[in-house]
Structure formats: structure tokens, C-alpha cells
Amino acid sequence: MISKHILSKSTYIKGLQCEKALYLTKKHPYLRDKLSIEKRAKFQRGTDVGILAQECFPGGVNMAPNSPSQFPKRVIETMENLQNPMVNVMYEAVFQYNDTLVMVDILVRDGEQWKAIEVKSSLRLSPTYYNDAALQYYVLHGCGVPLSDFQLMHLNGDYVKHGPIDVKQLFQHVSVLDYAKEQEPVIAANVERLKNVVALSHAPSVAIGPHCREPYECDFIGHCWKNVPQESPDVPFTIDYKALFAQSPSPKPRNVAYLSLLYHYPAVPELDGTKPYQEMLLAFAITGDNEPDGHTFWNCIDDRSCWQEGITLLESLLGHYDLVVTFTPNQLPWHKVFNLYEVLQNAQMFHPLLKKGMSLQHTFEAMFHGAKLFEHSRIIVEALAQDLTSYEQTKDDLIAENEAIKSIYQHFFK
Ligand code: SF4
């Protein structure tokens, strides 16, 4: 009889970041913050890349349970499959040891042993990924699984797509077996400590601090920080006006337009000649200052294979204006573009809302009290949905961004 597990990969990693976050996840999950659009998109990307990685090891048995109640059954079936010579590959194999449950992305028979593979959708490996692998190794070792290797498999930044995706070239493998073996005593101690946390009758007392956002933004920030006085939006921003005006467009432009750009960074390259996470223009909107009703030219590149044509079109439109004002952290090659993101950074603009980094949304809200703008990532998700409703919404949102850009520009330079 398999008892219900206490820890999993995600709760263990959460517990390493903050014991209170672990306790709240287990005992009071309803206190969690609403999942942001950005986080949801990140989870989906991880799932998509994980499924693609399985193609490197075809013909596997999928052990993923349909619901959490199936975990004990899957643990038993996984152990049975280890002994079944007909099974050479398992996806999401489920193991449980010392009340800790892990699902191994890919498990491949390797002679008398097995090779475990954890798939990551990133280009680089973070310390958290190593901790994650070390926990899985601890559980597999505890279950008596003979392992020839434990690898992290992640996207290869040098891969360039030509024709259908070559999954073998798309991924890189890094062995972490030696690290995981070394870490076993540390992991064992952590598991005991975190199990004790879950067994507490009250949430441990943990002060809020930088750990609430590192390495991941905690799900309970809304709960733990609710009594912290919020940064007042009424605080004035500061800026080095001398440095700001030294960058004023010269000569004074007569024909100004405002440009919003929407970029997409597909983890798996979509077009020939592109690499994982390569920047691609998805949509843009240009609103002319002197045109009737602030006319906006808008283009959503729904056929991604035409994205270069989209750039050509944008470049030809830029030619109609003396100056095109935008706000983007991306490096732009066009000399007529006046990028407020760079200009305000050079002028060391500061406001508490900009502590986490300068964005159009926060700059706009910091400058104009009571003004509100949505998350830029929301527009990217809409544009990727590629249906008529989302196109209309994307267009409206980009026009609203142009209005915000215009307000900022005119505040300083008109
Ligand atoms: S918000 Fe901070 S203190 Fe609260 S649970 Fe999360 S990490 Fe811990």
C-alpha cells in the first residue's frame, strides 16, 4: 500500500526557497495569487518542449496520471515496468520514496540499468535545475533503480532550423549524475526538514524579503505582503533632466509617429534559418501625430513565414515620418526611431514602481497618477491566439500602448 506523498519536486523546490511557502501550498493553497498570463505561458512552453523531447526516445509508455488520485497506482505500475523487458522507455515515470514523489520526464533502458532525463525548456541550466535533478536521483536511488546516468536535457542555442525540427540537434544533454550523488546526504536532510515543516500545526514564521522573488516569484506575495504599505503611486519620479534633454531629438521633428512593437520568442524555432528563442516581430502599430483621428497603421504577421516582409513594410512606413517614438527594451536598427526606454534609462529615471525594471506599463503609471496600462505579455498571448477576436484586441491594445508612448514623449519633449 503506497501512502499519500508529502513532498513533490515542486513543493521541495518551493520549500528550499521558503518554508512558509511550502506550508501554505500544502495547507492553504487557496491563498495563492492568481496565476499571471506570463507564468501560464511559461508552464505551457515547458509542457510543449517536454513532449517534443520525447521524440528523441520514441515508443515510450506514458505513465502520467490523469488525476492526483492515480499516483499510488502509477508508482506500482512504474516499478512493474522496470522489470518488464518489453518496456524500454517511460515518460513521466512515477516514483515515491520517503514520502517524496517525483515524475521523471524520460527514463530509458540502458542495458541492465536506466538513464534518467529531466527536460528543461531553457537555453541555460540554473542551480534550481541541479537541485531538482538531485532530488529525483535521491528518490530513484531510494527506490533501488539502477541508474547509468542522470541528464538534464535543454534547448541548444546554436541549433538552426532547416526543414523539419531535428529533435536530436535541438537539445543538448548534460550529465549531473556525479553532482546528484554528492548531494544525496544534503537532499536527505532537506527532505526530513521539509517534511517536519509540513507537519507543523501553524505556518512557520518567515519574514518577507528578497527571497520572495528569488529564484522564483512566490505564489503567496499577495497574502504575505498585504499589510505592507504599497509604494504610493503619488510619489514623484526623479530624473536627470540635463541628461534627458541632451538626448532631445534634433532638429525638432514636425512629423512624429508612435510605434508599438510586439515580439515573439518561440522556444522551438518556427521558421527555417532561426534558432531557439530568436526574436521575431509578431505585430506592430504606428500612430501618426498629424494624421486625421490619429490614424493607426497596424499589421499582425499572422503568417509567420512572412515576418521579414512585415519588417520591410514597417521600414517603408518609417520613411513617412521625421521621427518614430517607441518604448522597447529591444535594440532597434532604425536611425529614425527614438526609443524612450533607452532615453529614460540614460537619464536615470527612478520611481518605486520601476524597481523591478523599466516597462512601458510602470513608467506610464509612475508618471501619470491614476493611469493604468495592462501587462505587455497579455498582448503577446492574444496575438498568438490568432483568431479574429484576439486580433481586434491586439490592435486595440497596441493603439493604447501608442497613446501611452505619446503621453510620455509629449510630457518631456513638447
Ligand atoms: S511571500 Fe515570501 S514570506 Fe511569504 S511565503 Fe512567499 S516567499 Fe515566503
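Atoms within each ligand, like the ligands themselves, are counted from 1 in listed order. One-based numbering along the sequence shown. All values derive from a computational prediction rather than experimental measurement.
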Among residues two or more places apart or on two chains, list those pairs meeting side chain to side chain donor-acceptor pair (under 3.5 Å) that have a residue in residues 134-145. N98-Y138, E118-Q136, D132-Q136, H141-E184
Quick one: which residue pairs count as a salt bridge (charged side-chain N to carboxylate O under 4.0 Å, His left out) with a foot in residues 44-57, not counting sequence neighbours? none
Name all pairs fulfilling the salt bridge (charged side-chain N to carboxylate O under 4.0 Å, His left out) condition that reach into residues 57-81, sequence neighbours left out, sorted by first residue then second. K73-E77, R74-E77
Near-ring test F327/F364, centroid separation under 6.0 angstrom: no
Passing option when L107 is tested against I117, L82, N81 for side chain to side chain contact (heavy atoms under 4.5 Å, CB included): L82
If you round to the nearest 0.5 Å, how far is NE2 of H154 from CG of L123? 8.0 Å
Cut-off under 2.8 Å, centre atom 8 (Fe) of ligand 1, protein N/O/S atoms: C18 SG
